[in-house]
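As the structure is a prediction and not an experimental result, all values here were calculated from the model. We count ligands from 1, going down the list as the structure has it; atoms in each ligand are counted the same way.
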Amino acid sequence: AKELGQGRSAYYSAEVGVVTRERTRLLHGLQRAFDHERLFVVYQPQISLLSGQTIGVEALLRWRTEDGQFVPPDRFIPVAEQSGLIVAIGAWVLRTSLYALGQLRAGGAGDLRMAVNVSSVQLAQPQFLQIVDQALRDTGMPADCLELEITESVAVMGMERVATLLRDIKSRGIAVAIDDFGTGFSSLSYLDRLPADRLKIDRAFVMSLDSGRLGARIAEMIVPLGHQLGMKVLAEGVENETQASLLRDLGCDEAQGYLYAKPMPLEELGPWLAQRRG
Ligand code: C2E
Ligand code: CA
Ligand code: CA
Ligand code: CA
């Protein structure tokens with residue numbers, strides 16, 4: 001039995017070694033890509049289910065390696081968070097997407113909103129608000145065109161700190177969205193303490209909308225819950241008309257997904273918006 005125990009622990013540490021090397025490789029690659037400006041931002045429109053109008057766009061980070069491969073954000077964001085690199089990259093995403101919004105507005109896009117994902121690691125930085133203020137100043141964009149998308153993982157900061165920070169953010173006129181709602185833990189216990197403007201229903205629940213499964217019931221419950229708390233409700237990952245019309249029937253306010261548009265580079269978004277406006 002003892003032998004087996006040793007064998008197993010050797011096996012596990014070898015595994016950990018592989019994972020660590022992989023992470024280190026990924027982190028170095030990401031740092032290099034960031035330094036050499038090989039990261040870029042794509043934008044996905046957000047649509048009002050009532051009017052059909054585009055109300056905003058979400059900025060999504062992309063990394064294409066030198067050999068033309070895309071590394072998905074779900075793989076490299078955790079590495080960037082653990083290393084702290086997300087702080088510098090996040091500040092860059094903020095500046096880049098606000099600058100893009102300025103370009104779009106100059107091109108006649110109207111008062112579109114820019115939604116930017118922020119990691120809890122960024123939010124926990126004492127300089128976070130200064131970084132946001134600086135990005136707004138540098139790009140000349142008004143605070144009320146910016147929305148910060150946060151997730152339930154901010155709970156690790158402690159609710160007092162989160163509540164204070166969100167109040168500071170909102171006092172500037174910046175909007176806050178709660179992303180991936182329903183996928184984390186303890187959502188309901190602190191939802192009423194997060195002064196947010198928008199609740200984003202995670203794609204997982206939208207996918208099962210027309211299935212009669214439990215996920216469908218959850219989406220049905222999130223809409224009135226968000227409204228009760230004074231928030232707009234936006235459904236993520238809407239891929240077909242059936243989902244869109246079910247969501248509309250539920251009273252969901254807004255939607256985002258491949259049905260309307262995939263995330264696209266700025267050069268494509270301008271023409272896309274112009275065509276939508278007709
Ligand atoms: P998220 O914030 O929940 O972003 C939505 C994800 O769903 C995006 O994946 C988007 O491309 C994808 N999506 C949108 N519509 C559809 C659809 O109709 N069907 C399907 N199957 N997928 C759809 P993406 O771009 O791969 O991003 C993954 C995650 O990486 C994001 O999830 C977000 O958590 C994170 N992320 C992306 N950019 C940033 C960033 O700049 N900063 C931070 N902190 N996180 C980011
Ligand atoms: Ca998001
Ligand atoms: Ca999401
Ligand atoms: Ca997500």
- Taking every non-hydrogen atom, the tightest pair across Asp180 and Thr151: OD2-CG2, 4.1 Å
- Query: Of the non-hydrogen atoms in Cys145 and Met141, which two are nearest, and what is the gap between them?
  - Reply: SG-CB, 3.9 Å
Hey, which atoms in ligand 1 end up nearer than 4.0 Å to a heavy atom of [X]?
{"X": "Asp74", "result": "28 (C), 29 (C), 30 (O)"}
{"X": "Glu239", "result": "17 (C), 18 (O), 19 (N), 20 (C), 21 (N)"}
{"X": "Val93", "result": "41 (O)"}
{"X": "Pro263", "result": "11 (O)"}
{"X": "Arg203", "result": "19 (N), 20 (C), 21 (N), 22 (N)"}
{"X": "Gly257", "result": "15 (N), 18 (O)"}
{"X": "Ser119", "result": "44 (N)"}
{"X": "Glu58", "result": "2 (O), 4 (O)"}

- Hey, mind stepping through Trp92 and Leu61 against side-chain contact (heavy atoms from CB on, under 4.5 Å) and telling me if it holds? CA-CA 10 Å; Trp92 174 81; Leu61 186 57; 3.8 Å; yes
- Counting heavy atoms not belonging to Arg64, are there more than 12 under 6.0 Å from its CZ?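 No - once you tally the heavy atoms of other residues, nucleotides and ligands closer than 6.0 Å, there are 12 at most.
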- Query: Is the CE atom of Met207 crowded by more than 12 outside heavy atoms at less than 6.0 Å?
  - Reply: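 12 or below, so no.
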- Item | Step-by-step side-chain contact (heavy atoms from CB on, under 4.5 Å) determination, Gln44 to Tyr258 | CA-CA 9 Å; Gln44 186 177 37; Tyr258 296 169; 4.1 Å; yes
For the side chain of [X] and the backbone of [Y], is there at least one donor-acceptor N/O pair under 3.5 Å apart?
{"X": "Arg62", "Y": "Pro265", "value": "no"}
{"X": "Gln69", "Y": "Thr65", "value": "no"}
{"X": "Asp253", "Y": "Leu234", "value": "no"}

- Query: Is it true that some N/O/S atom of Asp179, main chain or side chain, lies under 3.0 Å from the Ca ion (ligand 2)?
  - Reply: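 Checking the Ca ion (ligand 2) against Asp179, an N, O or S atom does fall under 3.0 Å.
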- Task: Decide, counting backbone as well as side-chain atoms, whether Glu149 has an N, O or S atom less than 3.0 Å from the Ca ion (ligand 2).
- Result: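 An N, O or S atom of Glu149 is closer than 3.0 Å to the Ca ion (ligand 2), so yes.
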- May I have the angle between Asp180 OD1 and Glu236 OE1 with its vertex at the Ca ion (ligand 3), rounded to 10°? 100°
Classify the contact between [X] and ligand 1 as side chain, backbone, both or neither, using a heavy-atom distance cut-off of under 4.0 Å.
{"X": "Gln256", "value": "neither"}
{"X": "Val41", "value": "neither"}
{"X": "Asp180", "value": "side chain"}
{"X": "Leu60", "value": "both"}

- Task: Identify whether the distance between the nearest side-chain nitrogen and carboxylate oxygen of Arg75 and Glu22 falls below 4.0 Å.
- Result: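 Yes, charged N to carboxylate O under 4.0 Å.
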- the Ca ion (ligand 3) to nearest N/O/S of Asp202 less than 3.0 Å: no
- Message: Counting only nitrogen or oxygen atoms and a 3.5 angstrom limit, does Gln44 reach ligand 1?
- Response: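 For ligand 1, there is an N or O atom that lies under 3.5 Å from one belonging to Gln44.
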- Query: Which of these, Val116, Thr151, Ile150, Asn117, has its nearest heavy atom closest to atom 42 (N) of ligand 1?
  - Reply: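 Checking each option, the heavy atom nearest atom 42 (N) of ligand 1 is found in Asn117.
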- Task: Would you mind naming the N, O or S atom of Glu58 nearest to the Ca ion (ligand 2)?
- Result: OE2
- Query: Is it true that Leu136 and Val93 fall in one hydrophobic cluster, defined by side-chain heavy atoms closer than 4.5 Å?
  - Reply: yes
- So is Lys262 in contact with ligand 1, going by heavy-atom distances below 4.0 Å?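 Judged by the 4.0 Å heavy-atom criterion, Lys262 does not count as contacting ligand 1.
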- Judged by non-hydrogen atoms, does Gly237 sit under 4.0 Å from ligand 1?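 It does; at least one heavy atom falls under 4.0 Å.
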- Query: How far does CG of Leu30 sit from CD1 of Ile77, to the nearest 0.5 angstrom?
  - Reply: 8.0 Å
- In this structure, which one of Glu149, Glu236, Glu58, Glu254 forms a salt bridge (Lys or Arg N to Asp or Glu O under 4.0 Å) with Arg198? Glu254
